[in-house]
Number of protein chains: 2
Amino acid sequence: MRLSLLCTLGIYFIVLCAAEEGLEFPNFDGRDRVLDINERSYKKALRKFDLLCLFYHEPVPANKGLQKRFQMTELVLELTAQVLENKNIGFGMVDAQKDAKVAKKLGLEEVGSLYIFKDDRIIEFDGELSADTLVEFLLDVLEDPVEIINNAMELRAFERIEEDIRLIGYFKGEDLYYKAFQEASERFQPYIKFFATFDKSVAKHLSLKMNEVNFYEPFMEEPVVLPGRPLSETDIVDFVNQHRRATLRKLRAENMFETWEDDMDGIHIVAFAEEEDPDGYELLEILKDVARDNTNNPDLSIVWIDPDDFPLLTTYWEKTFKLDLFRPQIGVVNVTDADSVWLDMSNDEDLPTAEELEDWIEDVLSGRVNTEDDDDDDLEDDREDFEEDLTEYGDENLDRDDDLYD
Amino acid sequence: MRLSLLCTLGIYFIVLCAAEEGLEFPNFDGRDRVLDINERSYKKALRKFDLLCLFYHEPVPANKGLQKRFQMTELVLELTAQVLENKNIGFGMVDAQKDAKVAKKLGLEEVGSLYIFKDDRIIEFDGELSADTLVEFLLDVLEDPVEIINNAMELRAFERIEEDIRLIGYFKGEDLYYKAFQEASERFQPYIKFFATFDKSVAKHLSLKMNEVNFYEPFMEEPVVLPGRPLSETDIVDFVNQHRRATLRKLRAENMFETWEDDMDGIHIVAFAEEEDPDGYELLEILKDVARDNTNNPDLSIVWIDPDDFPLLTTYWEKTFKLDLFRPQIGVVNVTDADSVWLDMSNDEDLPTAEELEDWIEDVLSGRVNTEDDDDDDLEDDREDFEEDLTEYGDENLDRDDDLYD
């Protein structure tokens, strides 16, 4: 890999204080680890590594600005490769034009995506391409896809998980039925969590019969039992694919773009709520109630964003959606133009009840509340943009949305 | 600011897919926002901004490698400044040599630290200097230092907080006593969380009398009541300063170096545990029990590290401490040389009980378990380093620690 410019740059995080040992962030050491994948090298690379990570990219652009972006992607991959050096993970670049044949053979489809090859599977990474998100993701891929629950304490840990889709099966041991469950788990690793128990009392606590599998949608209190038992790999895979889109789902760095692309007729219902903040927590609890009441409505999927998870996007969202994100917010976003309307919650004391929120959501789903109604105002908005005070502005905008309810 | 090299580089995160709107990570736009602070400019800067963030740095080094690091720090600050452009936060650099006089006037002490000026206070940032950590930190500093708890749901949110030091006071309203509490809160923002309630039923639930303040150590179930009421600002500040070092404290990006520097006689008892992993959760629960039993022991402070929070350091720690971090671990680390010994937990089923852990901790505190005993082996270790299999190696090392118990 050509890293002339990159090598002169070192890397972007700095240890402020290094007087004491034990917390040294890695610096890119300048050694090239990312491979140039082509017809000659790809098979060898697949054989050599436990995981092979391929970035499928457009031909290196002539435009200087885009070239820099490309180089930064390379740098993220190089640093990731360096950090994970002992884990036997290969990294490579596949040029969509020059290496078109290889890409086809490997089944790479979306230019700009990262594909991870593990055994005979391909996992697509469609998240934030930063070194820490990628390292964490790859470490998750290296773990066993099924986690065994052995005792009451581990069961408590399992029951605390709320934000992830998770399945748990009860098996006699590592028999054929368990193996089918395990094979299914590999298809969804690391996005969907699979657990199993061989312990009678754990199974009893979960009301699981032998060879039965429970499916937990995020934020739901009660699981759904997968129909039939014992279950084949296909039974499980099909069920998960059908139930994947949750009524309330949290935006996560590791698959944020995939989630965002999976819109409902071009819109998302988006809720911003900081879980650590009392107001944010309150809105989130109301949302969970709404989601539980409407879990069988296939038209409803609310994306919950905790601004704490995306500090670099917070002010971008405030600007784009004209919001104050120091407070919780819920609204409708048109994903093609980022046009949006937001529910009036300008009075701190006055979060909507679950019923009020359900009424509003009904209005959204029926189209009575939509992102187009206030478009006449938008021109004016743009003009005012220069002198805006974001906070006041958000409120103004929220007040205007009242019209929608008249 | 001179950013010749930096400007040619753009910025390090790349949006893989931008077909849809709403998730655009910022790119550094090349505009200089970070000020060169000197005797002429510093007063004006202090007046102009709600927050002023000054990086106190050594003179720009002659060494090329160190120069690159310095430029990357500048870039982190520039990007942070760009992202927070609408928040009226100023950013500047203070050269420890050239600007020595200004530094003295401003009270800057630790070269390499970032100082935030808010009203008449100085807040030191001693965490990971990455744009997201810094942006999140500054947004926290902008929030009100006291959060009001109005109702049962917000109380639940308050009670769920476990990892932070937090105080809550019951006041009649925004009276003098509340103001004293608020003034005290400003001294610790954003590291220590302050809450207040004016609501009788919330206070009753917390067994708070009028003008009384409770102090919650992280992970403790019961608060400590601050002696005396009403309390002055100094009463509160002194109490917090005395009780700041928790028996069990979580390592956080925003103040990781400060925590690490605050060692106990040159060592840390360190526990690695992924909270989302059943094994990790189990160890953490045991640790909480131990901490609760020993909360009055001033010699004990365990640093809990969730590897999920520091993906870029995980393999560094595995290498430095010869550990397998796919599993929970607890050990003693010498902070001057990163030498360490780890408790044998090689059998997954066999986490220690709280009592066993307390015995081991007693051995650590008495010096019976220490990081020097195995130093003869270290030379040998170094030689084997080249061909190491980290996972097996960790186990080998753990087995050897058994000797310490004979």
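Within every chain, numbering begins at 1; the chains are lettered A, B, ... in the order of the sequence lines, protein sequences first and strands thereafter.
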Measuring from [X]:[atom1] to [Y]:[atom2], what's the distance to the nearest 0.5 Å?
X: A:Tyr316; Y: B:Glu24; atom1: OH; atom2: CD; answer: 4.0 Å
X: B:Asp279; Y: A:Glu154; atom1: CG; atom2: CD; answer: 5.0 Å
X: B:Asn150; Y: A:Glu282; atom1: CG; atom2: CD; answer: 8.5 Å
X: A:Asp132; Y: B:Glu128; atom1: CG; atom2: CD; answer: 7.0 Å

[options]: which one forms the most heavy-atom pairs within less than 4.5 Å of chain B?
options: A:Leu325, A:Val270, A:Val333, A:Leu139; value: A:Leu139
options: A:Glu285, A:Glu275, A:Arg160; value: A:Arg160
options: A:Pro307, A:Gly22, A:Ala338; value: A:Gly22

Side chain to side chain, [X] and [Y], heavy atoms closer than 4.5 Å:
X: B:Glu136; Y: A:Asp308; value: yes
X: B:Lys68; Y: A:Phe28; value: no
X: A:Leu23; Y: B:Leu251; value: yes
X: A:Val135; Y: B:Thr314; value: no
X: A:Asn86; Y: B:Thr315; value: no
X: B:Glu143; Y: A:Asp277; value: yes
X: B:Ser130; Y: A:Phe25; value: no

| query | Heavy-atom count around A:Glu58 CD within 6.0 Å, excluding the residue itself: above 12? | reply |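 Open: at most 12 neighbouring heavy atoms sit under 6.0 Å from CD of A:Glu58.
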Select one option (side chain, backbone, both, neither) describing which atoms of [X] are under 4.5 Å from chain B's heavy atoms.
X: A:Leu284; answer: neither
X: A:Leu313; answer: side chain
X: A:Thr80; answer: neither
X: A:Phe137; answer: neither
X: A:Glu274; answer: side chain
X: A:Val83; answer: both

| field | Pair A:Lys319 + B:Glu85, salt bridge at N-O below 4.0 Å | value | no
| message | Less than 4.0 angstrom from a charged side-chain N to a carboxylate O is my criterion; do B:Lys193 and A:Glu276 meet it? | response | no
| remark: chain A shares the most heavy-atom pairs under 4.5 Å, among B:Glu258, B:Glu147, B:His268, with B:Glu147
| What closest approach, in Å, do B:Pro278 and A:Ala157 show between heavy atoms, and which atom pair accounts for it? |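 Looking at all heavy atoms of both residues, the closest pair is CA-CB, 3.7 Å.
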